[in-house]
There are 2 protein chains.
Amino acid sequence: MGLTKTEIFNDEQNQLATLLKAMAHPARIAILQRILISNTCICGDLVEELGLAQATISQHLKELKTAGIIQGTIEGVSICYCINPVTWKLLENQLGAFLGAYKGETKCC
Amino acid sequence: MGLTKTEIFNDEQNQLATLLKAMAHPARIAILQRILISNTCICGDLVEELGLAQATISQHLKELKTAGIIQGTIEGVSICYCINPVTWKLLENQLGAFLGAYKGETKCC
DNA sequence: GCTATTAATCGTAATATTGCAATACAATAT
DNA sequence: ATATTGTATTGCAATATTACGATTAATAGC
């Protein structure tokens with residue numbers, strides 16, 4: 001089928017999966033790292049810096065945007081992207097709770 | 001194409017992307033949560049608890065295992081899965097550094 | 001009006017993912 | 001030996017993703 005059965009999972013699981021999926025690509029991680037470094041926003045510099053075509057970069061940006069991880073505003077001819085603080089905070093909280101739930105040491109496998 | 005150009009990204013980006021991708025599915029998040037809760041390992045209880053076929057669960061477990069996030073040992077007839085502490089720690093560090101790199105407040109978009 | 005410049009979208013090809021039924025395998029029990 | 005139980009693998013269909021060239025907006029400057 002190739003169709004994830006989202007209806008059998010709860011909202012938290014689906015939301016976290018969606019956010020992780022949006023980040024689960026080296027190009028999108030690279031894009032986010034670039035935005036994080038030059039805290040001020042960027043635009044199509046990415047096309048030169050990463051070795052991907054403009055259409056491809058634009059697509060990755062769109063995915064990050066629809067996931068709510070970044071936001072963009074028009075800045076003259078180019079477009080300025082930056083982190084969406086709300087989603088970023090949410091991601092930190094959700095992931096923190098998730099990863100932090102593991103208390104090692106209980107010997108098992 | 002449909003083929004990620006891993007060669008143009010660095011190891012850190014590729015590794016993080018691979019780990020995130022392994023977790024970026026609600027079923028796999030549910031499986032991990034289940035393992036985290038019953039800190040002691042589990043097996044095919046998942047097939048009953050999640051509403052997915054046995055073959056599908058087995059496939060998701062395999063993905064988590066090949067990504068190094070979980071590990072399994074034979075426990076009589078069934079197989080006992082649990083978190084791989086090394087990878088989990090790595091994930092915490094990598095993600096912590098990544099998410100923590102965002103210092104908000106610098107007004108932008 | 002035109003013309004660059006920048007980014008989004010469309011169309012397409014190659015590949016990957018998701019899910020399941022059917023089957024195979026491996027360990028134990030009878 | 002054979003049956004049972006628990007898990008893995010295979011094969012397949014439906015869908016999603018990745019990447020790119022070509023095209024299409026949208027804006028700025030002339």
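Numbers restart at 1 for each chain; the letters A, B, ... are given by sequence-line order, proteins then strands. Small disclaimer: the values here were computed from a predicted structure and weren't measured.
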Between C1' on dC12(D) and CG on L3(A), what's the gap in Å once rounded to a whole number? 16 Å

Checking dA16(D), dT18(D), dT7(D) against the side chain of K21(A) (C-beta onward), the nearest is dA16(D)

Under 4.0 Å, heavy atoms only, any strand: does S58(A) hit a base, just the sugar-phosphate, or nothing? base

Student check: side-chain heavy atoms of Y81(B) and K65(B) closer than 4.5 Å: yes

In whole Å, what is the span from the CD1 atom of I74(B) to the P atom of dT7(D)? 11 Å

Consider the side chain of K62(B), meaning its heavy atoms from C-beta on, and name the nucleotide among dT6(C), dT18(D), dT9(D) that approaches it most closely. dT9(D)

Rounded off to whole Å, could you give me the CG-to-C1' distance for the L46(A) and dT6(C) pair? 13 Å

State, with a plain yes or no, whether a side-chain heavy atom of M23(B) is found less than 4.5 Å away from one of L91(B). yes

For the backbone of L46(B) and the side chain of R34(B), can you confirm whether one donor and one acceptor N or O come within less than 3.5 Å of each other? no

Within a strict 4.5 Å, meaning less than it, do heavy atoms of the I79(B) and T73(B) side chains meet? no

Classify the angle between the aromatic ring planes of W88(A) and F98(B) as parallel (below 30°), tilted (30 to 60°) or perpendicular (above 60°). tilted

Return whichever of Q54(A) or I79(B) has its heavy-atom-nearest nucleotide of DNA chain D closer to the 5' end. I79(B)

What nucleic acid atoms does A53(B) come within less than 4.0 Å of, heavy atoms only: base, sugar-phosphate, or nothing? sugar-phosphate

Counting just side-chain N and O atoms, does T56(A) come under 4.0 Å of either OP1 or OP2 of dC20(D)? yes

To the nearest angstrom, the CD1-C1' distance between I31(B) and dT18(C) comes to 13 Å

K5(A) side chain: which of dT18(D), dG19(C), dA7(C) is closest? dG19(C)

Got more than 12 heavy atoms from elsewhere within 6.0 Å of CD1, I74(B)? no

Whole Å only: how far is the CD atom of E63(A) from the C1' atom of dA8(C)? 14 Å

Distance-only donor-acceptor test, Q59(B) side-chain atoms vs dA8(D) base atoms, 3.5 Å: no

Quick one: is Y81(A) getting a side-chain N or O under 4.0 Å of the dT6(C) phosphate, OP1 or OP2? no

Do any side-chain nitrogens or oxygens of H60(A) fall under 4.0 Å of OP1 or OP2 in dA19(D)? yes

What's the closest nucleotide to the side chain of S78(B) if the choices are dA22(D), dG6(D), dA21(C)? dG6(D)

Measure from the side chain of L52(A), starting at C-beta and using heavy atoms only, and say which of dT7(D), dA19(D), dG21(D) lies closest. dA19(D)

Between V47(A) and T4(A), name the one whose nearest nucleotide on DNA chain C is closer to the 5' end. V47(A)

Most 5' of F9(A) and K65(A) on DNA chain C, judged by nearest nucleotide: K65(A)

H25(B) NE2 to dA16(C) C1', straight-line distance once rounded to whole Å: 13 Å

For E75(B), which contact category applies under a 4.0 Å heavy-atom criterion: base, sugar-phosphate, or nothing? nothing

Rounded to whole Å, CD1 of I29(A) lies from C1' of dT18(D) at a distance of 15 Å

I need the CG-C1' distance between L50(A) and dT18(D), as an integer number of Å. 14 Å

